[in-house]
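Heads up, the thing below is written out as structure tokens.
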Amino acid sequence: MQPAQHKKPADFRELHEGEAFIIPNPWDAGSAKVLVALGFKALASTSSGLAFTLGRLDGSVTLDEVIDHARTLDQATSLPLSVDLENGYGPDPEDAALAVTRAAEAGAVGGSIEDYDPQGDIYGLDHATERVAAASDASRRFDFPFTLTARAENHIRGNPDLDDTIARLQSYEEAGADVLYAPGLGDGDQIRAVCEKISKPLNVLAHPGLSMSEITEAGAQRVSVGGGLTWVAVGAMAAAANDIRDRGDFSSLAAPVRIKEWLSR
């Protein structure tokens, strides 16, 4: 890590100790620069957004591609970057540790490891905890504080068992995770139930049925949007393209963008 980079991990840790904050998810260097210009304080990558830029579905990107992407995002801005490392690109604890190590070497100051295997299974609790412990051990070997997020995937993988989700997050906390994350929590009651059972900061995945006030009043510290902004951008492009194709209507091309201002930062 370059000397200038040492401020990023400290800034990222400090964010988790203050007021609740939003960490948006850019899908490329340009979107990262826009988010900086709009005043956000940290960034997180999105696996689905990255896969889209490569013309693929989520879960089909390699660790090498993710690390190249992380390096690009890190170099594009001066903000702390946390990387979506999916399941660590392998089922074993050593795979999770390697993914964290490579992300840190690429400039990231944080990263997430989830307990879902791309083959379609949620790892058993003991195995999933071993993977978090290995990732945590790897994160402690750096000369800066790397913020490890452990994800319990139940609620977006067909198993909305809140008690099991809480038990998993508690186990991941004991294994050394710095931030806990259960994407798919539906409302403030579920968020509050989780926050009451853990002591580490909780990241919540935003969705249209939640408000920032509901999330923070329930006790969560960090809010991410996953691939959401990617799909907003793609949706706007598709709507404009439909108007152009079907009606010869080019009015949508007058979108109010400030490219020079955004990319000069």
Side-chain angles (χ1 to χ4, degrees), residues 1-16 18-56 58 61-86 102-112 144-147 149 179 181 203-207 212 222-241 252-265:
M1 177 173 284
Q2 297 298 318
Q5 287 283 91
H6 278 278
K7 190 172 183 300
K8 292 184 179 183
D11 288 347
F12 197 44
R13 282 295 176 93
E14 187 175 347
L15 283 172
H16 292 84
E19 296 181 357
F21 69 100
I22 299 171
I23 182 168
N25 304 72
W27 59 94
D28 60 12
S31 58
K33 285 180 174 289
V34 171
L35 293 168
V36 173
L38 294 177
F40 292 97
K41 302 301 183 184
L43 303 173
S45 69
T46 160
S47 63
S48 61
L50 169 60
F52 173 78
T53 68
L54 299 173
R56 305 180 207 160
D58 195 14
V61 180
T62 68
L63 178 57
D64 285 343
E65 289 169 327
V66 168
I67 297 307
D68 287 343
H69 179 62
R71 188 174 294 107
T72 296
L73 291 181
D74 175 65
Q75 294 175 353
T77 85
S78 61
L79 295 187
L81 173 69
S82 183
V83 179
D84 181 347
L85 294 169
E86 300 186 73
R102 292 196 60 190
E105 292 171 347
V109 300
S112 62
F144 65 92
F146 185 95
T147 299
T149 298
V179 176
Y181 183 13
N203 183 95
V204 169
L205 178 64
H207 62 74
M212 187 65 180
R222 194 175 86 184
V223 181
S224 58
V225 299
L229 290 177
T230 311
W231 314 134
V232 169
V234 174
M237 180 193 73
S252 58
L253 299 182
V257 295
R258 304 192 302 275
I259 298 300
K260 289 184 178 180
E261 174 188 339
W262 293 335
L263 298 189
S264 65
R265 292 175 178 262

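Sequential numbering from 1 along the given sequence is applied to the chain's residues. Every heavy atom of this structure was used, including side-chain atoms; hydrogens, water molecules and symmetry mates were not.
- In this structure Ala44 satisfies the side chain to side chain contact (heavy atoms under 4.5 Å, CB included) test together with Ile23, Asn25, Ser82, sequence neighbours excluded.
- Using modelled atom types and a 3.5 Å distance limit, the side chains of Ser45 and Asp84 yield no donor-acceptor pair.
- Partners of Gln75 according to the side-chain hydrogen bond (donor to acceptor under 3.5 Å, both in side chains) rule, which considers only residues two or more places apart in sequence or in another chain, do not exist here.
- The line from CD of Glu65 to CG of Leu50 is 7.0 Å long, rounded to the nearest 0.5 Å.
- Heavy atoms only, all atoms of each residue included: Leu205 and Gly226 are closest at CD1-N, 3.6 Å.
- Lys33 places a side-chain N or O within donor-acceptor distance of the main-chain N or O of Ala76, the cut-off being under 3.5 Å.
- Using a 4.5 Å heavy-atom threshold, the side chains of Thr77 and Leu35 count as separate.
- Residues Thr230 and Thr46 meet the side-chain proximity criterion, which asks for heavy atoms closer than 4.5 Å.
- Legend: residues meeting salt bridge (Lys or Arg N to Asp or Glu O under 4.0 Å) with Glu261, ordered by chain and number and at least two apart, are Arg258.
- Note: Asp74 CG to Leu79 CG = 10.0 Å, rounded to the nearest 0.5 Å.
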Query raised in the report: Would Trp262 and Val257 count as a side chain to side chain contact (heavy atoms under 4.5 Å, CB included) if you check the C-alpha gap in whole Å, the side-chain angles of each, and the deciding distance to 0.1 Å?
Result: CA-CA 9 Å; Trp262 293 335; Val257 295; 3.8 Å; yes
**Report entry** side chain to side chain contact (heavy atoms under 4.5 Å, CB included) between His16 and Phe21, intermediate numbers included
**Finding:** CA-CA 8 Å; His16 292 84; Phe21 69 100; 3.8 Å; yes
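- Atom CG in Leu43 sits 12.0 Å away from atom OG in Ser224 (nearest 0.5 Å).
- Nearest heavy-atom pair, Gly111 versus Leu85, reported as atom, atom and distance to 0.1 Å: CA-CD1, 4.3 Å.
- Side chains of Met212 and Val223 form a contact here, defined as non-hydrogen atoms less than 4.5 Å apart.
- In this structure, the side chains of Asp64 and Arg102 come closer than 4.5 Å at one or more pairs of heavy atoms.
- Contact of the Thr149 side chain with the Arg222 side chain is registered, since non-hydrogen atoms from C-beta on lie closer than 4.5 Å.
- Atom CZ of Phe12 is separated from atom CG of Leu81 by 8.5 Å, given to the nearest 0.5 angstrom.
- A heavy-atom distance below 4.5 Å is not found between the side chains of Val83 and His69.
- Taking CD1 of Ile22 as the start and CG of Leu15 as the end, the distance is 12.0 Å to the nearest 0.5 Å.
- In this structure, Asp68 pairs ionically with Arg71, as a charged nitrogen and a carboxylate oxygen lie closer than 4.0 Å.
- Closest of all the heavy-atom pairs between Val109 and Pro80 is CG2-CB, 3.7 Å.
- Considering CD of Glu86 and CG of Asp58, their distance stands at 5.5 Å, rounded to 0.5 Å.
- Contact detail for Gly227 and Ser48: the closest heavy-atom pair is CA-OG, 3.6 Å.
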